[in-house]
There are 2 protein chains.
Amino acid sequence: MAVPTPDETILGLLAYQAQHGYQLLDTFQNPTQLGAVWHMSTSQIYAVLKRLEQQGWIQGQSVDVDDAPPRIEYRLSAPGQQRLDQWLNDPQPSASIRRVRVEFLSRLYIAHLLKHPAQALIARQRAACEVEHARLMTQREQSDSSIGGLALELHIAQIEAILQWINRCETRVYPPTHA
Amino acid sequence: MAVPTPDETILGLLAYQAQHGYQLLDTFQNPTQLGAVWHMSTSQIYAVLKRLEQQGWIQGQSVDVDDAPPRIEYRLSAPGQQRLDQWLNDPQPSASIRRVRVEFLSRLYIAHLLKHPAQALIARQRAACEVEHARLMTQREQSDSSIGGLALELHIAQIEAILQWINRCETRVYPPTHA
DNA sequence: ATAGGGCTATTCTAAGATGGAATAGCTGCT
DNA sequence: AGCAGCTATTCCATCTTAGAATAGCCCTAT
């Protein structure tokens, strides 16, 4: 899976409370919530839900309400909860620019929602980025001035920006206590 | 088209010299060439070539060689050349993180290959990123501390890293003359 | 010779993603 | 009743994508 998928994020939302597709859609379209991170079309939400149910991580149940069409409410199963914990505690989060933006932010969002401590999560992400940074720095030594060299410089600049942002991000989530 | 496509880059490669799919594949898999920027599978190259031919931007001709299977050599058509020029001189290049990484680097690569002056191209990319940066800064003022706020901070950090990189990139392509 | 191994070069195929239209239940208004 | 407009889901046609399959060509070993 090279590209981040919303799967675990949806597990997190369902861990917070059982929901149906349309409701999830709202969360992903509100720019002050996950809309700031993912762009998801209607059908994609439902496709993910179907996939998660097939995996056995969630299960849906049709619910009749009296002022709207019937809906399918999904709730997390035990294996789903396990998968979610695994994701939140991923010891080696990806350090790819794209995935930090999408996956790490989602992890933070879900952790906050579930009152899951975020500090360890942030620390692991920083560690992963530092490792990647070191790797790129050794690569830099044998780099030429080709397009590959430019790409490498850009990549390094982006990772460094992320590392600085993570530090600020941490003080924002856990503000230093005043003396 | 939200996601960058290799279409114009391939036009550029064919403008440099007529080629067949397998040959292009090499360029995209060599990490010192475009392999540093794009990841393309076999079938994707051929799919793009088919699409470009349908658009009328390139035309293929089967060529028999005596020490290998016959190949289809593609060359740029006049409309293709026009499209390529348009792309190289795009007055408003995208400032999205992903597209700068992929599309701008490709433009630089192709410009270098075709001995097309890069200075204007770099200037336009910088301008686009500065506009985007300004836009994000005004957004920052009305930003809250939600996930959207964090995402915004990250986005700003990334754009700033890109702007600094572009400056270094420029002095690398056009080194300042020694006094 | 010829069968196989290893290149070059392209096509095929099946699975998955995507956006948007279509469907369908429900309420309230005219 | 009929229609507009909201909620909720499914359907569909199209496009990607990775990898397997096909196939021409050369060389070497038997």
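Note: NE2 (His20(A)) to P (dA24(C)) measures 20 Å, nearest angstrom. Per the geometry, CD1 belonging to Ile45(B) stands 12 Å off P belonging to dT17(D), to the nearest Å. Note: CG (Asp67(A)) to P (dA24(C)) measures 21 Å, nearest angstrom. Atoms CD (Gln54(A)) and C1' (dG16(C)) sit 12 Å apart, rounded to a whole Å. When the P atom of dT16(D) is taken as reference, atom CH2 of Trp38(B) falls 12 Å away, rounded to whole Å. If you measure from atom CD of Gln23(B) to atom P of dT8(C), you get 11 Å, rounded to the nearest angstrom. Rounded to whole angstrom, the span from the CD atom of Gln29(A) across to the P atom of dT7(D) amounts to 12 Å. What separates CG of Asp26(A) from P of dT7(D) is a distance of 8 Å, to the nearest Å.
Checking the phosphate oxygens (OP1, OP2) of dT8(C), a side-chain nitrogen or oxygen of Tyr22(B) falls inside 4.0 Å. In terms of phosphate contacts, Arg51(A) brings a side-chain nitrogen or oxygen within less than 4.0 Å of OP1 or OP2 of dA17(C). Not one side-chain nitrogen or oxygen of Gln44(A) sits closer than 4.0 Å to the OP1 or OP2 atom of dA17(C). A close approach under 4.0 Å does occur between a side-chain nitrogen or oxygen of Tyr46(B) and OP1 or OP2 of dT10(C).
Judged by distance alone, with hydrogens and angles left aside, the side-chain atoms of Arg124(A) form no donor-acceptor pair with the main-chain N or O of Pro93(A) at under 3.5 Å. The backbone N or O of Ser94(B) sits less than 3.5 Å from a side-chain atom of Gln125(B), completing a donor-acceptor pair.
Taking every side-chain heavy atom of Ser41(B) into account, dT17(D) is the closest of dT17(D), dT9(D), dA24(C). Minimum atom distance to the side chain of Pro70(A) is reached by dG25(C), of the listed dT27(C), dG25(C), dC26(D). Between dG20(C), dT17(D), dT9(D), one nucleotide has an atom nearer to the side chain of Ser43(A) than all others, and that is dG20(C).
Just one of Thr9(B), Thr27(B), Leu114(B) meets the side chain to side chain contact (heavy atoms under 4.5 Å, CB included) condition when paired with Tyr109(B); it is Thr27(B). Of the residues Gln59(B), Glu53(B), Gln19(B), the one that meets the side chain to side chain contact (heavy atoms under 4.5 Å, CB included) test with Tyr74(B) is Glu53(B).
The nearest heavy atom of DNA chain C to Pro69(A) and to Thr42(A) marks one nucleotide each, and the one closer to the 5' end goes with Thr42(A). Between Lys50(A) and Ala68(A), the residue anchored closer to the 5' end of DNA chain D is Ala68(A), taking for each the nucleotide with the nearest heavy atom.
Checked by atom type, the side-chain pair Trp87(A)/Glu103(A) shows a donor-acceptor distance below 3.5 Å.
Counting non-hydrogen atoms under 4.0 angstrom, Leu25(B) reaches nothing in the nucleic acid.
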